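All of these numbers come straight from a predicted model, not from anything done at the bench.
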Amino acid sequence: MTRVVDNAFHKAPLALAVTIACAVWTGHAVAQQTTAVQELAVAKAKTTTEDDVKVEQSANIKFTQPLLDTAKTITVIPQAVMKDRAVDSLRDALRNVSGISLAAGEGGAPSGDSMSIRGFKAATDIFVDGIRDIAGYSRDTYNLESIEVAKGPGSAVSGRGATGGSINLQSKTAKLDQFTDVSLRIGSESDYRATLDSNISLGDSTALRLNLLTDDADVAGRDNVFNSKNAAAMSLATGIGSAQRFSLNAEYQKQDNMPDYGIPWVSDPAAVPELTDYLYQAPPVSFDNFYGNVFRDYEDISAQSLTGRFEQDISDTTTLRMQARLGSVAREGVVTAPRFYNQKTGTEVRQSDEKTRDSKNSLQAVQLDLIGEYQTGGVKHNVVSGIEWAAETFKRWNMVDLVDDNLDSTPSLVDLYHPDAHVPFTGQYGRDGNSIKAEGKNIAVYLFDTLTLTPQWELTLGGRWDKFETDYQYSYTDAALVADTRDSVFSWNAGLVFKPASNGSIYFALGNSFNPSAEGLTVSTNSNSNLVDLEPEETLSYEFGTKWDLFDSRLLASAAIFRTEKNHARTDDPDFSGDQSSFDTLNGEQRVQGLELSAVGYIKPNWTLIAAYTYQDSEITHAEGDDASQIGMPLSGTPEHSASVWTRYDFNDQLAFGAGAQYVGERFNSSSANRKTAAGYTTYDLMLAYQLTDKIGMQLNGINLSDKRYIEQLGGGHFIPGEGRHVSVTAHYNF
């Protein structure tokens with residue numbers, strides 16, 4: 001189960017060094033030898049401020065053009081909208097983006113930030129300041145300027161994955177300003193949240209910024225479920241506004257949560273009579289019900305990172321940028337997976353299906369970029385070239401019963417309709433000394449060039465080569481059992497933009513992506529699995545769209561039609577059956593096509609809007625073996641229709657009102673014949689803000705005002721309900 005190592009990988013560092021050296025030399029050569037050189041400012045990513053709603057530029061340096069002229073569907077959720085909606089987490093913030101579905105945890109992994117974009121899983125496609133983030137934990141927004149969702153295949157931009165899109169979180173950084181913002185929020189679930197955001201100028205070009213958070217909250221609409229966290233982030237920047245800039249960002253977060261696997265699906269065709277009408281659906285129970293055990297279940301998370309960034313303006317048109325990060329996420333916990341004891345004879349739910357996890361993810365990453373803007377004859381080039389190196393490690397310790405688990409050995413059964421979460425627990429869990437470990441290394445070289453051919457025409461071309469290898473020591477008892485994967489893949493994208501007017505664009509874009517078997521570092525090592533030997537899945541996407549700045553460039557309106565084809569999807573090998581049924585080939589085909597509409601900005605100077613609608617027609621168009629029954633089925637977790645809207649109206653300098661809604665259509669938890677169905681739903685939110693003085697403000701927020709009980713996160717054997725009605729009051733103090 002081991003592939004031959006490509007010797008080119010070991011020669012890659014030299015090749016990369018030569019490549020970047022050539023890129024630097026090319027930049028200088030173009031600047032020195034072209035007679036038509038113009039001194040043009042280097043395109044730099046613009047950051048948002050607290051008051052921005054309409055963002056002009058992507059925070060990703062690889063998108064050099066304004067969003068208006070970028071041939072891709074990109075949605076930016078700025079800090080202003082997150083503040084208006086009292087957003088705490090990445091999951092909450094993504095309510096502003098249609099076409100995204102959330103997934104529940106499986107196999108001991110909590111739900112975390114697990115989601116699908118345009119029908120394809122994106123749990124490993126989350127980035128912080130352009131560097132891939134690690135582990136499936138829940139991310140808070142206290143230290144974020146904005147959240148950016150780029151839809152469509154994007155391996156050329158971000159590497160492996162990004163089949164349906166990727167998410168980039170832009171961190172708060174120090175700036176030349178003096179301010180301190182303090183907020184305290186209390187809510188209807190006996191919850192509180194306090195934050196501090198303080199920025200201090202230390203000189204003409206140096207600043208320090210500190211963000212602190214303490215948060216403790218019961219989850220509205222869920223009995224016994226809570227999330228508690230404390231976090232701190234520091235940003236030190238020097239050389240601000242000069243030709244040589246350096247910043248150092250550090251963050252630490254500690255979480256203490258009650259993990260939640262929600263409610264079991266009704267899945268047995270021979271169910272007891274009272275459940276017969278609910279086959280493959282949610283059972284007729286209160287969505288408040290919690291089937292875990294408060295004495296056994298727990299989740300502790302510790303996340304930390306250190307990021308350094310150096311920028312040097314080599315000339316008026318060229319900048320060298322280097323960014324490096326060290327990070328880790330440790331997670332330990334026990335969670336109860338709710339499962340019927342015997343659905344044919346009763347409605348009891350067992351508490352003996354506990355899932356344990358004691359793991360640590362680590363990351364080391366370095367990016368080196370050369371960013372330039374040049375003129376050759378009548379063509380302007382915005383060029384980004386670079387190299388990226390990353391080493392990721394996943395280690396999991398075997399967590400076992402140190403003292404007999406009485407809930408397991410009894411076994412403990414609770415009533416489906418009135419579960420008891422307080423059954424006495426006398427066991428204890430801990431490490432037995434054994435562990436498994438996966439290591440992944442990735443080296444990439446990339447080059448992007450946007451050619452402004454005329455004032456009306458722009459052409460963007462991009463390519464990236466990735467060398468991704470993993471070593472997975474998968475046996476808790478035999479360290480010699482190691483599965484290796486080696487993948488070398490070239491990704492590309494292209495976009496053509498036509499500007500019929502200065503405030504509008506029409507574009508056509510193409511791009512691809514790849515999904516290796518070890519995308520998350522580990523790979524199936526069952527004796528009847530051949531995933532370790534398979535090449536990556538491949539995806540191709542087409543997008544045709546238009547974007548317009550309206551109302552004196554206050555509002556950006558966008559529309560796009562898209563088609564994403566995964567023509568090398570994993571599917572059962574028809575030549576194997578029985579015990580070998582999980583052998584796969586890459587002969588599967590999947591397709592998602594649809595329409596995106598959005599509007600972001602200001603209808604009037606005192607009236608803001610962020611709205612989106614997505615139509616997705618998904619289908620498994622070809623499958624083989626046991627999977628052949630899935631042909632014609634929609635992709636799991638992919639609603640046909642979804643929409644969101646948020647608007648705020650300022651009556652004057654003191655009083656503002658905001659309201660919003662989110663609609664998500666019917667979804668399925670799988671593409672099999674016995675798939676489970678989650679009904680569509682609509683929720684409504686509002687906000688009322690009043691500025692008491694120049695420094696003190698009050699804000700009232702209501703979330704899910706109708707207390708709609710709905711399925712938000714879909715799992716294989718269970719689902720997690722969405723948050724119930726929640727009301728909170730926040731006080732802000734600025735000085």
Side-chain angles (χ1 to χ4, degrees), residues 13 16-17 20 23-24 42 44-47 58-62 126-135 139 142-146 148 157-159 168-177 197-212 231-253 302-314 318-330 360-371 384-393 440-446:
L16 296 178
I20 198 65
V24 173
V42 177
K44 296 183 176 68
K46 299 179 181 178
T47 60
S58 168
N60 191 329
I61 62 170
K62 295 168 187 174
I126 300 174
F127 297 77
V128 177
D129 300 322
I131 296 178
R132 189 184 303 275
D133 202 19
I134 51 177
R139 296 158 178 86
Y142 81 104
N143 191 43
L144 296 182
E145 290 281 7
S146 66
E148 184 172 306
V157 174
S158 53
N168 186 41
L169 314 181
Q170 184 190 359
S171 302
K172 294 178 181 178
T173 56
K175 57 187 69 175
L176 292 179
D177 200 354
D197 184 358
S198 183
N199 193 96
I200 304 171
S201 294
L202 302 177
D204 293 337
S205 63
T206 303
L208 175 69
R209 189 169 185 176
L210 181 66
N211 275 270
L212 302 176
M234 182 274 296
S235 174
L236 175 65
T238 186
I240 302 173
S242 69
Q244 190 175 81
R245 303 170 293 279
F246 175 76
S247 65
L248 185 67
N249 295 340
E251 183 171 7
Y252 176 78
Q253 184 178 146
S302 177
Q304 52 200 344
S305 66
L306 180 66
T307 305
R309 179 185 300 166
F310 174 76
E311 294 176 315
Q312 174 69 57
D313 292 338
I314 299 173
T318 306
T319 293
L320 181 67
R321 178 182 185 266
M322 185 178 76
Q323 184 170 244
R325 176 173 299 154
L326 297 173
S328 68
V329 178
K360 184 176 182 179
N361 291 74
S362 302
L363 169 72
Q364 303 172 59
V366 178
Q367 295 175 338
L368 181 63
D369 296 285
L370 189 71
I371 310 164
V384 178
S385 59
I387 60 175
E388 179 180 292
W389 172 87
E392 300 175 55
T393 302
K441 292 183 179 179
N442 194 88
I443 291 180
V445 184
Y446 46 84

* Check the pair Leu320, Leu368 against side chain to side chain contact (heavy atoms under 4.5 Å, CB included), reporting the backbone distance first and the verdict last. => CA-CA 8 Å; Leu320 181 67; Leu368 181 63; 3.8 Å; yes

[Y] side chain reached by [X] side chain, heavy atoms, under 4.5 Å:
X: Arg209; Y: Asn143; result: no
X: Thr307; Y: Arg309; result: no
X: Arg132; Y: Asn442; result: no

Euclidean distance, [Y] [atom2] relative to [X] [atom1], rounded to 0.5 Å:
X: Ile134; Y: Leu363; atom1: CD1; atom2: CG; answer: 5.0 Å
X: Asp313; Y: Thr318; atom1: CG; atom2: OG1; answer: 9.0 Å
X: Leu208; Y: Leu248; atom1: CG; atom2: CG; answer: 10.5 Å

* Decide side chain to side chain contact (heavy atoms under 4.5 Å, CB included) for Asn249 and Lys172; before the verdict, give the C-alpha distance in whole Å, the side-chain angles of both, and the deciding distance to 0.1 Å. => CA-CA 9 Å; Asn249 295 340; Lys172 294 178 181 178; over 6 Å; no

* To do: Answer yes or no: are there more than 12 heavy-atom neighbours, outside Lys62 itself, under 6.0 Å from its atom NZ?
  => yes

* Asked: Leu370 and Ile314: side chain to side chain contact (heavy atoms under 4.5 Å, CB included), yes or no, with the steps?
  -> CA-CA 10 Å; Leu370 189 71; Ile314 299 173; 4.0 Å; yes

Distance-only, no hydrogens or angles: does the [X] side chain make a donor-acceptor pair with backbone N or O of [Y] under 3.5 Å?
X: Gln323; Y: Gly130; answer: no
X: Asn199; Y: Lys175; answer: yes
X: Arg325; Y: Val128; answer: yes
X: Glu148; Y: Ala59; answer: yes

* Check step by step if side-chain hydrogen bond (donor to acceptor under 3.5 Å, both in side chains) holds for Asp197 and Tyr142. => CA-CA 9 Å; Asp197 184 358; Tyr142 81 104; over 6 Å; no

* Between Arg321 and Glu311, is there a salt bridge with N-O shorter than 4.0 Å? -> yes

* Asked: Given the rule in the side chain to side chain contact (heavy atoms under 4.5 Å, CB included) test, do Asp129 and Gln170 qualify, once you have shown the distances and angles that lead to the verdict?
  -> CA-CA 5 Å; Asp129 300 322; Gln170 184 190 359; 4.2 Å; yes

